[in-house]
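These notes are about the structure you will find just below.
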Amino acid sequence: MGSECTMTPLLGPLPYHSDAEKLKFIEDMTMNTDKVQAKVLSEILTQNLNTEYLKRFDITPDTDRLAFKSKVPVVTYDDLKPDIQRIANGDRSPILSSHPISEFLTSSGTSAGERKLMPTIEQELDRRQLLYSLLTPVMNLYVPGLDKGKGLYFLFVKSETKMPGGLTARPVLTSYYKSEHFRTRPFDPFNVYTSPISAILCPDAFQSMYSQMLCGLYDCRQVLRVGAVFASGLLRAIRFLQLHWQELAHDIATGTLSDKITDITVRESLAGIIHPDTELSKFISDQCSINDWSKIIPRIWPNTKYLDVIVTGAMAQYIPTLDYYSGGLPTACTMYASSECYFGLNLRPMSDPSQVSYTIMPNMAYFEFIPTNSNKAELIDLADVKIGEEYELVVTTYAGLYRYMVGDILHCTGYHNSAPQFKFIRRKNVLLSIESDKTDEAELQAAVSRASIVLQKHCDTSIIEYTSYADTKEIPGHYVIYWELLMKKPGRWPEKEVMEKCCLEMEEEMNAVYRQSRVADGSIGPLEIRVVKQGTFEELMDYAIARGASINQYKVPRCVSFAPIMELLDSRVVSSYFSTACPKWTPNSSGN
């Protein structure tokens, strides 16, 4: 069924018997996808048969898959909001789940606006831990010797919120890092972190980052992989090193810890790590004091084999900057998960970012798919999706989500055994629009990528970060794109003509409706690029975190409209440029 990937060991015999067991589990699940899915749905319905939600739709012990689909509607978060609010306010009756709701998992709130509350149950931690346990056995097939060193991972927690009924609301990664599964996990030579648990669990973002960076520097010769959850998180860590390397080097030289680290548990855990090392301090100072920060990751951590970060979807725009700092080290995208559910893993973790596909594990939840190119209401089962088609993901979970639209758009790229593999395309409904035009996240990313080639070619400059908004204050309205730039040759600012060409290149990449509106209808004005000061997007993230966003799950919003954010961005603009010509368009331009 399509382009199968194999689990044949590529690097000789497996190092541990436990790896073989985990890989066999993957094979067993993916060879029996539909059978496993039928079992999962049956277990979910049996477990939650007496819930108020399922009773509304007359779900009985005899309800099979077809009856479930005919009785239970496909829903969005807004549909579930009244029930979720009842739980948040303290209603302990079995509304969505027969098992007690243990906490709420919050979405990051940057993909589509407000933070959402996803009710979860204690047993889901076991399910998430199971998926985590599969990652290392797969990675061991491709990268040898990971038990001979450590991983430098920048991981963070967010402070929790208490709901009116007493339940905690927090991001899914904060929930996991604070769980016994993570804090008291048994020693595994393949998963030794440089950061002490107390540094990861420190709620103060600065103290957490500082202490994790300090530990990573002390262990710089032992680090075999460097990572964060998202690519943006790793770049934030590099930016932190740029700003604070002198203080870090001082602490290493003197064997002392900065007075800015006031968390007692962090200070206690670092007491056994920090010691005077003038040679290491000088090495770090020598590397960080020069203007050229290209390849800084392998220069500081010379044994790094790969970067472990998500670079799919909207994160793809970070790849050139990651390549600059890493010297082109491979990136590993290992798993696909959300606050609603953990979905699957990448069975070829060292593949090129453009080729990353995730295999949905059929034991994690019951999965359905809405074809994006069809007006039919019928949903497709996991085992029946077609290679080459795009789908919107719908899940039914053990924790009490039934036929819930996650909002992710996926492209089926192939199969592993009978389990489909998907490329993450975009979040649904992240759009720029002036009139009849609709530009989604993937289209905007493609336009930025096209313009970045011009920027790189003419002045060796790359785009660190970007966002956008549809400016409709004037008629006609126009797209405004904010860029933060990294000039690899300091002082060589892009010329006006180059920037104007970037504007036009972006417009050339836009869809036909946009180009028609620009050329024929005159309903959209010339695209504008506003260049902001370096560090602006750091400020944007700090602002979001101050308002409750999770540092782990934070993603720069690709479209903005919130007035304070707009004011922050506009106050940091150093120059702006417009397209000086119209993009190509003819009445026959029906596609891109």
Side-chain angles (χ1 to χ4, degrees), residues 108-111 153-159 171 202-214 216 226-248 258 260 288 291 293-294 296-297 300 307 309-311 314-315 317-322 324-326 448 452 461-469 480-488 490 529-560 562-575:
S108 61
T110 57
S111 295
Y153 286 88
F154 296 98
L155 308 175
F156 305 92
V157 298
K158 178 70 180 70
S159 57
C202 178
D204 183 273
F206 175 88
Q207 295 186 57
S208 180
M209 178 73 86
Y210 190 96
S211 54
Q212 292 189 61
M213 183 65 76
L214 185 63
V226 178
V229 178
F230 293 112
S232 54
L234 181 53
L235 293 178
R236 179 173 170 85
I238 298 302
R239 175 64 176 163
F240 186 92
L241 180 61
Q242 285 182 308
L243 295 174
H244 301 286
W245 65 264
Q246 290 173 306
E247 193 169 358
L248 289 158
S258 169
K260 295 176 182 177
C288 295
N291 288 331
W293 271 61
S294 64
I296 192 65
I297 293 175
I300 298 285
L307 307 180
V309 290
I310 294 172
V311 290
M315 292 293 122
Q317 66 99 15
Y318 296 105
I319 293 171
T321 309
L322 281 176
Y324 173 72
Y325 287 127
S326 74
V448 171
S452 70
T461 297
S462 61
I463 302 165
I464 297 177
E465 198 48 279
Y466 75 91
T467 190
S468 65
Y469 88 101
V480 176
I481 317 297
Y482 294 94
W483 280 4
E484 183 173 326
L485 301 179
L486 173 66
M487 286 164 286
K488 297 169 187 177
I529 292 174
R530 296 178 186 174
V531 179
V532 297
K533 295 178 182 177
Q534 195 165 25
T536 296
F537 281 85
E538 284 273 318
E539 294 182 56
L540 188 63
M541 178 175 174
D542 291 340
Y543 178 85
I545 291 170
R547 289 178 57 84
S550 163
I551 192 172
N552 283 306
Q553 293 179 289
Y554 176 81
K555 299 183 284 290
V556 172
R558 293 302 168 217
C559 303
V560 295
F562 189 46
I565 292 178
M566 306 295 302
E567 291 169 8
L568 188 156
L569 289 167
D570 283 332
S571 70
R572 303 298 187 270
V573 171
V574 294
S575 58

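In this text the structure is predicted, and so the values were computed from the model without any measurement.
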Quiz item: Quick one: do Arg239 and Glu538 make a salt bridge, cutoff under 4.0 Å?
Solution: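 No.
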Can you find a pair of side-chain heavy atoms, one from [X] and one from [Y], that are under 4.5 Å apart?
X	Y	result
Val226	Val309	no
Val556	Phe537	yes
Leu486	Tyr325	yes
Ile464	Leu235	no

Quiz item: Can Trp293 and Leu241 be said to form a side chain to side chain contact (heavy atoms under 4.5 Å, CB included), step by step?
Solution: CA-CA 11 Å; Trp293 271 61; Leu241 180 61; 3.9 Å; yes
From [atom1] ([X]) to [atom2] ([Y]), nearest 0.5 Å:
X	Y	atom1	atom2	value
Met487	Asn291	CE	CG	12.0 Å
Leu569	Glu484	CG	CD	10.0 Å
Ile310	Leu234	CD1	CG	12.5 Å
Ile565	Tyr482	CD1	OH	11.0 Å

Quiz item: Stepwise, does the side chain to side chain contact (heavy atoms under 4.5 Å, CB included) test hold for Thr536 with Val573?
Solution: CA-CA 9 Å; Thr536 296; Val573 171; over 6 Å; no
Quiz item: Sequence neighbours excluded, which residues qualify as ring-ring contact (aromatic ring centres under 6.0 Å, His included) partners of Phe206?
Solution: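 Once residues adjacent in sequence are excluded, the partners of Phe206 under the ring-ring contact (aromatic ring centres under 6.0 Å, His included) criterion are Tyr210, Phe240, His244.
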Which heavy atom of [X] sits nearest to which heavy atom of [Y], and what is that distance?
X	Y	value
Lys260	Glu247	NZ-OE1, 3.2 Å
Tyr153	Ala228	CD2-N, 4.3 Å
Leu322	Val311	CD1-CG1, 3.6 Å
Leu307	Ser326	CD1-CB, 3.8 Å
Ser468	Arg558	OG-O, 2.6 Å

Quiz item: Without hydrogens or angle criteria, can the side chains of Gln212 and Ser208 be said to hold a donor-acceptor pair below 3.5 Å?
Solution: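 There is such a pair (donor and acceptor under 3.5 Å, judged by atom type) between the side chains of Gln212 and Ser208.
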Side-chain ([X]) to main-chain ([Y]) donor-acceptor, under 3.5 angstrom:
X	Y	result
Arg572	Gln534	no
Thr467	Pro557	yes
Ser294	Tyr324	no

Practice problem: Under the salt bridge (Lys or Arg N to Asp or Glu O under 4.0 Å) rule, collect the residues that match up with Asp570, sequence neighbours excluded. | Solution: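 For Asp570 the salt bridge (Lys or Arg N to Asp or Glu O under 4.0 Å) partners, ignoring immediate neighbours, are Arg530.
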